[in-house]
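Reviewing the structure listed below.
Just so we're clear, the structure is a prediction, and the values are computed from it rather than from any experiment.
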Amino acid sequence: AARVQAIDSYEEFANTLMELLSPFVQVQTGMLYVLNESQGRYLYRGGYGVADHAAIMPWFSERDGLLGQCARDGKPILVPDPSAQNMRIQSALLDTTPSWVRILPVLAAQGACLGVMELAALSPMGARQQALLDEVLPLVALNLEILRRNQRAQELLQQTQHQAAELEESGTELLAQKQTLLDQAS
């Protein structure tokens, strides 16, 4: 928990989350998309066990496929026995399709969808793993909200520092103009 809370970027958060969560819920592949409010789309931020990064959708909107449907409805989607050849679980010894794909919304306390998690595994998810996942999703949402607020605070700090520099420059210019006027008056 402390390791995840010290993170300050969405990419590091997504990769660390998937790295820590995937073995506990016994999934072989996991990805996290996070809402970019200014673009109105969900951006791929990181994953675990992803075989071909080039095949990953870099982003989606609420109008795009099952990921968008999950974000729009705020409800999980289970795809049992996917047969798509582009969804692969791979290692040096293994190259197969998952037995299921689960698409989960990451919902804020007020119900807004902050992100979408996509998980895939070779064997069915047990009740303990599902309970753990149910407990973790609100914590993921909370961490995404904290990250968003921290980034917004950082942006505001940078704006304030920029404005302070501009004010200082304007003050220096005004002093120079005042001195020029005083020199002209004497």
Side-chain angles (χ1 to χ4, degrees), residues 1-22 29-76 103-119 133 135-186:
R3 181 175 164 196
V4 172
Q5 291 174 349
I7 292 172
D8 62 358
S9 78
Y10 288 117
E11 290 77 10
E12 186 181 359
F13 174 75
N15 286 319
T16 302
L17 171 69
M18 291 291 106
E19 174 189 325
L20 295 173
L21 181 63
S22 295
T29 302
M31 294 175 270
L32 181 66
Y33 290 84
V34 177
L35 176 63
N36 181 307
E37 291 176 303
S38 65
Q39 294 179 8
R41 52 172 93 161
Y42 294 80
L43 305 177
Y44 172 75
R45 294 302 189 160
Y48 173 85
V50 178
D52 184 4
H53 285 277
I56 295 174
M57 290 174 45
W59 61 270
F60 69 90
S61 74
E62 289 187 353
R63 297 176 305 279
D64 296 329
L66 291 176
L67 292 170
Q69 189 71 44
C70 177
R72 187 171 55 248
D73 295 345
K75 296 180 181 170
I103 304 168
L104 305 162
V106 179
L107 301 174
Q110 64 274 30
C113 186
L114 303 174
V116 174
M117 190 182 297
E118 186 172 18
L119 306 172
L133 196 54
E135 293 292 322
V136 166
L137 282 172
L139 299 175
V140 172
L142 183 61
N143 276 282
L144 288 178
E145 287 179 324
I146 291 168
L147 263 174
R148 184 179 64 208
R149 287 184 189 134
N150 287 348
Q151 288 187 344
R152 181 66 181 140
Q154 189 65 32
E155 290 169 6
L156 291 172
L157 176 63
Q158 290 172 352
Q159 287 175 359
T160 302
Q161 289 171 339
H162 180 71
Q163 290 171 344
E166 286 178 343
L167 281 173
E168 186 176 332
E169 186 178 315
S170 295
T172 304
E173 289 174 10
L174 285 173
L175 286 175
Q177 289 174 358
K178 178 182 176 184
Q179 187 60 44
T180 302
L181 290 173
L182 288 174
D183 289 346
Q184 289 174 355
S186 15

Which distance, rounded to the nearest 0.5 Å, do you find between the [atom1] of [X] and the [atom2] of [Y]?
X    : Y    : atom1 : atom2 : value
L21  : E19  : CG    : CD    : 11.0 Å
R45  : N36  : CZ    : CG    : 6.5 Å
L175 : L182 : CG    : CG    : 10.5 Å
E155 : Q159 : CD    : CD    : 7.0 Å
C113 : L144 : SG    : CG    : 10.0 Å
L119 : L32  : CG    : CG    : 9.5 Å

#### Entry: side chain to side chain contact (heavy atoms under 4.5 Å, CB included) assessment of L137 paired with M117
CA-CA 9 Å; L137 282 172; M117 190 182 297; 3.8 Å; yes
Do [X] and [Y] have side-chain N/O donor and acceptor atoms under 3.5 Å apart?
X    : Y    : answer
D183 : T180 : no
Q151 : R148 : no
E166 : H162 : yes

### side chain to side chain contact (heavy atoms under 4.5 Å, CB included) between L43 and V34, worked out
CA-CA 5 Å; L43 305 177; V34 177; 5.9 Å; no
Kindly give the heavy-atom pair with the smallest separation between [X] and [Y], and that separation in Å.
X    : Y    : answer
C70  : V116 : SG-CG1, 4.3 Å
G74  : L107 : O-CD1, 3.5 Å
S61  : G40  : CB-O, 4.3 Å
M31  : M18  : N-SD, 3.6 Å
I103 : P105 : O-CD, 4.2 Å
A14  : G46  : CB-N, 3.5 Å

### Query
Between the side chain of N143 and the main-chain N/O of V140, is any donor-acceptor distance below 3.5 Å?
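Judged by distance alone, no pair lies under 3.5 Å.
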### Task
Give me the one residue out of Q179, Q184, K178 that meets side chain to side chain contact (heavy atoms under 4.5 Å, CB included) with L181.
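Filter result, single survivor: Q184.
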### Message
Applying side chain to side chain contact (heavy atoms under 4.5 Å, CB included) to L139 and E135, what does each step give before you reach the verdict?
### Response
CA-CA 7 Å; L139 299 175; E135 293 292 322; 5.9 Å; no
#### Entry: ring-ring contact (aromatic ring centres under 6.0 Å, His included) partners of F60, counting only residues at least two apart
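Partners of F60 under the ring-ring contact (aromatic ring centres under 6.0 Å, His included) test: Y33, Y42.
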### Contact check, side chains of Y44 and V50, non-hydrogen atoms, under 4.5 Å
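Counting from C-beta outward, Y44 and V50 do come under 4.5 Å.
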